[in-house]
Amino acid sequence: MAPPQDPLYAGLGQAIRIATDLLAALIVGGALGWVCDTYVFDSTPWSMIIGLLMGIVAGMRNAYRSIQRWPKT
């Protein structure tokens with residue numbers, strides 16, 4: 001697929017992708033922490049807090065890597 005010609009739409013697409021990556025990482029980290037709390041460790045709420053923090057870190061890392069791939073103009 002060819003990249004869009006209008007820079008507004010290209011930037012909007014990148015922003016939506018980064019926001020989706022951040023949200024997905026947060027949801028996955030929180031869900032894994034909840035599963036560990038509920039079924040594995042019985043350490044409510046510490047595993048979920050650690051999972052959320054790890055999700056935030058992973059999401060920020062993915063966002064940083066996506067921004068680094070943007071073309072420099």
Side-chain angles (χ1 to χ4, degrees):
M1 179 178 223
Q5 299 298 326
D6 189 2
L8 173 68
Y9 292 123
L12 184 61
Q14 290 292 330
I16 290 173
R17 178 174 178 237
I18 289 173
T20 303
D21 284 346
L22 287 169
L23 184 62
L26 189 62
I27 289 171
V28 169
L32 287 175
W34 177 79
V35 166
C36 287
D37 271 341
T38 305
Y39 299 109
V40 179
F41 299 123
D42 194 32
S43 61
T44 305
W46 295 108
S47 293
M48 190 164 110
I49 291 171
I50 291 170
L52 286 171
L53 290 174
M54 289 176 65
I56 290 169
V57 168
M60 295 301 277
R61 180 177 171 262
N62 288 340
Y64 178 76
R65 290 175 65 198
S66 293
I67 291 169
Q68 291 299 314
R69 287 187 293 231
W70 280 0
K72 308 288 190 262
T73 56

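Source: prediction; values computed, not measured.
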Trainee: For the CD1 atom of I27 and the OG1 atom of T20, what is their distance to the nearest 0.5 Å?
Mentor: 10.0 Å
Trainee: Could you see if M60 belongs to whatever hydrophobic cluster contains I18? Use Ile, Leu, Val, Met, Phe, Trp, Tyr and a side-chain cutoff under 4.5 Å.
Mentor: yes
Trainee: CE/M54 to CG/L26 distance, rounded to the nearest 0.5 angstrom?
Mentor: 13.0 Å
Trainee: Nearest 0.5 Å, what's the CD1-CH2 distance between I49 and W34?
Mentor: 16.0 Å
Trainee: Checking D37 side chain against S47 main chain: does a donor-acceptor pair fall under 3.5 Å?
Mentor: yes
Trainee: Any link between I67 and I56 through a network of hydrophobic side chains (Ile, Leu, Val, Met, Phe, Trp, Tyr) touching at under 4.5 Å?
Mentor: yes
Trainee: Quick one: CG on L22 to CZ on R17, what's the gap to the nearest 0.5 Å?
Mentor: 11.0 Å
Trainee: Mind listing the closest non-hydrogen atom pair of L52 and G30 along with its distance?
Mentor: CD2-CA, 3.6 Å
Trainee: Kindly compute the distance separating CD1 (I16) from CG (D21), expressed to the nearest 0.5 Å.
Mentor: 12.0 Å
